[in-house]
Amino acid sequence: MAIHPSLLQQFTLMRLFPADALASLAAHSSTHAFSKREVVLAKDKPSSSLMFLLEGRLQAIDFTLDGREVGLHFIEEGQYFGEISVLDGLPSPEVVIATKKSQVVMVPARDIRSHIFGSPQAIEAITSGLTKRIRDQANQRQILGIISPLQRICALLQNLTKEGKNPSLIANAPTHQEIAIMVNLTRETVTRAFQVLQSQGALARDGDDLKVDASKLKQLAEKSAD
């Protein structure tokens, strides 16, 4: 079912295209709802759409050879995903699942691809996004190489504070299970680590957010490595 062009204008990338292009794309776009833990984007075939998260939260994951989930990155409201498959026509390199009830806008790949390649601004925006993701995933691989579970969790939390505007707050913080997937630990290990961090004043829960004392977090990370 077609959507109104104003819906596409909510997304930063789409505002790079002229009004007539948005109107044409909107006529072929649609919205889809996903339940928690439902697969939004699979790896087994090329993505048929460039997707934008309108509401909710998603997580990109992959699997080890023995079938364990590894969290790669989160997709927040307003962000897009599936662009790699749209650009090269090959299957997605990652699986995207909903971590909560979510709504996604889907813009057909066959329609938007020519608009992307015809816009230097869009190419620059997508390239910048991809390079940031590559750097973030390089940092993630370094974290997975840390032996101490507490230090590994501290390193991840430090990275998460850098992603927001407030270095002392992790907004809409991941659950213990989501963190466990990202750092290749059990949920129980993450819960125990959080208890230590909270007892030492490095973390404090504030609704869905986490308040972070960066200096205490750093001290505990360095101490756990000894």
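Keep in mind that this is a model prediction, so the values were computed, not measured.
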Review point. So, Thr127 side chain and Ile123 main chain: donor-acceptor pair closer than 3.5 Å or not?
Key: yes
**Study point:** Residues that, via side-chain heavy atoms closer than 4.5 angstrom, fall in one hydrophobic cluster with Ile146
**Key:** none
Revision key, fill the gap. Lys211 meets the side chain to side chain donor-acceptor pair (under 3.5 Å) criterion, sequence neighbours left out, with none
Review point. Are any of the side-chain heavy atoms of Leu210 and Phe194 separated by less than 4.5 Å?
Key: yes
Point to revise | Sequence neighbours excluded - side-chain hydrogen bond (donor to acceptor under 3.5 Å, both in side chains) pairs with any residue from residues 192-210 | key: Thr189-Arg192
Point to revise | Results of side chain to side chain donor-acceptor pair (under 3.5 Å) for Asn172 - residues two or more places apart only | key: none
Practice item. Report the distance from atom OG of Ser24 to atom NE2 of His115, rounding to the nearest 0.5 Å. Key: 5.0 Å
Tell me which donor-acceptor pairs under 3.5 Å the side chains of residues 34-44 have, and how far apart each pair is, sequence neighbours excluded?
residue: Arg37; atom: NH2; partner: Glu69; partner atom: OE2; Å: 2.8
residue: Glu38; atom: OE1; partner: Ser35; partner atom: N; Å: 2.9
residue: Lys43; atom: NZ; partner: Asp62; partner atom: OD1; Å: 3.0

**Study point:** Asp20 and Leu22, any side-chain heavy atoms less than 4.5 Å apart
**Key:** no
Check your understanding: What's the shortest heavy-atom distance between Tyr80 and Ile126, and which atoms?
Key -> OH-CA, 3.5 Å
Under 3.5 Å, side-chain donor or acceptor atoms of residues 5-16 against the rest of the protein: list the pairs with distances, not counting sequence neighbours.
residue: Ser6; atom: OG; partner: His4; partner atom: ND1; Å: 2.9
residue: Thr12; atom: OG1; partner: Arg15; partner atom: NH2; Å: 3.4
residue: Arg15; atom: NH1; partner: Gln9; partner atom: O; Å: 2.9
residue: Arg15; atom: NH1; partner: Gln10; partner atom: O; Å: 3.3

**Study point:** Non-neighbouring partners of Arg135 that pass side-chain contact (heavy atoms from CB on, under 4.5 Å), sequence neighbours left out
**Key:** none
Review point. Going hydrophobic residue to hydrophobic residue with side-chain gaps under 4.5 angstrom, can you get from Val190 over to Met182?
Key: yes
**Study point:** Inter-residue atom distance Leu50.CG - Leu87.CG, 0.5 Å rounding
**Key:** 8.5 Å
Exercise for review: Indicate yes or no for a side-chain donor-acceptor contact from Glu77 to the backbone of Gly56 under 3.5 Å, with no hydrogens or angles considered.
Suggested key: yes
Exercise for review: Would you indicate whether the side-chain heavy atoms of Val104 and Ser49 approach each other to under 4.5 Å?
Suggested key: no
Practice item. Please tell me if the side chains of Leu157 and Val212 come closer than 4.5 Å, counting only heavy atoms from C-beta onward. Key: no
Check your understanding: Between Arg152 and Asn184, what is the shortest heavy-atom contact and its length?
Key -> NH1-O, 3.6 Å
**Study point:** Leu217 reachable from Val183 in the ILVMFWY side-chain graph, under 4.5 Å edges
**Key:** yes
Check your understanding: For Glu76, does its backbone N or O pair with a side-chain atom of Gln79 as donor and acceptor, under 3.5 Å?
Key -> yes
Exercise for review: Name all residues meeting the side-chain contact (heavy atoms from CB on, under 4.5 Å) criterion together with Asn166; count only those two or more places apart in sequence or in a different chain, and write none if there are none.
Suggested key: Ser168, Leu169
Practice item. Return the minimal non-hydrogen interatomic distance between Thr161 and Pro167, and the atom names on each side. Key: CB-O, 3.5 Å
Practice item. Using the six-membered ring of Phe74, assess whether NZ or CZ of Arg57 lies under 6.0 Å from its centre and within 45 degrees of the ring axis. Key: yes
Check your understanding: Does any N or O in the side chain of Ser85 come within less than 3.5 Å of the main-chain N or O of Ser47, such that one atom is a donor and the other an acceptor?
Key -> yes
Check your understanding: Got a second to check how far Arg141's CZ is from Leu72's CG, nearest 0.5 Å?
Key -> 10.0 Å
Revision key, fill the gap. Correct closest heavy-atom pair for Ile61 and Gly71 would be CG2-CA, 4.1 Å
Practice item. May I ask you to say whether Glu178 pairs ionically with Lys100, meaning some side-chain N is under 4.0 Å from a carboxylate O? Key: no
**Study point:** Inter-residue atom distance Ile112.CD1 - Glu83.CD, 0.5 Å rounding
**Key:** 10.5 Å
Study note, to complete from the structure: side chain to side chain donor-acceptor pair (under 3.5 Å) filter on Arg187, not counting sequence neighbours, yields none
Review point. Quick one: does Ser29's side chain have a donor or acceptor within less than 3.5 Å of a partner on Leu25's backbone?
Key: yes
**Study point:** Under 3.5 Å donor-acceptor, Thr131 side chain and Ser128 backbone
**Key:** yes
**Study point:** Spacing of CE belonging to Met106 relative to CD1 belonging to Ile3, to within rounding of 0.5 Å
**Key:** 11.5 Å
**Study point:** Close side-chain approach of Ile116 and Arg113, heavy atoms under 4.5 Å
**Key:** no
**Study point:** With sequence neighbours excluded, residues passing salt bridge (charged side-chain N to carboxylate O under 4.0 Å, His left out) with Asp213
**Key:** none
Point to revise | Distance, nearest 0.5 Å, that separates CD1 of Ile143 from CD of Gln158 | key: 8.5 Å
Review point. Tell me, do Ile153 and Leu185 make a side-chain contact under 4.5 Å, heavy atoms counted?
Key: yes
Review point. After noting the C-alpha distance and the side-chain angles of Thr175 and Thr99, does the key distance pass the side-chain contact (heavy atoms from CB on, under 4.5 Å) rule?
Key: CA-CA 9 Å; Thr175 66; Thr99 63; over 6 Å; no
Review point. Applying the 4.5 Å side-chain criterion to the ILVMFWY set and letting contacts propagate, would Phe17 and Phe117 be lumped into a single cluster?
Key: yes
Practice item. Could you please spell out the steps behind the salt bridge (Lys or Arg N to Asp or Glu O under 4.0 Å) verdict for Glu94 and Arg133? Key: CA-CA 13 Å; Glu94 57 196 20; Arg133 191 185 307 171; 3.6 Å; yes
Check your understanding: Which residue pairs pass the ring-ring contact (aromatic ring centres under 6.0 Å, His included) test with at least one member in residues 89-108, sequence neighbours excluded?
Key -> none
Check your understanding: Do Leu156 and Leu220 share a hydrophobic cluster, counting only Ile, Leu, Val, Met, Phe, Trp and Tyr and linking them when any side-chain heavy atoms are less than 4.5 Å apart?
Key -> yes
Check your understanding: Can you list the residues that meet the side chain to side chain donor-acceptor pair (under 3.5 Å) rule with His176, with sequence neighbours excluded?
Key -> Thr191
Exercise for review: Look at the side-chain heavy atoms of Ile, Leu, Val, Met, Phe, Trp and Tyr, link any pair under 4.5 Å apart, and say whether Val96 and Phe63 land in one connected group.
Suggested key: no
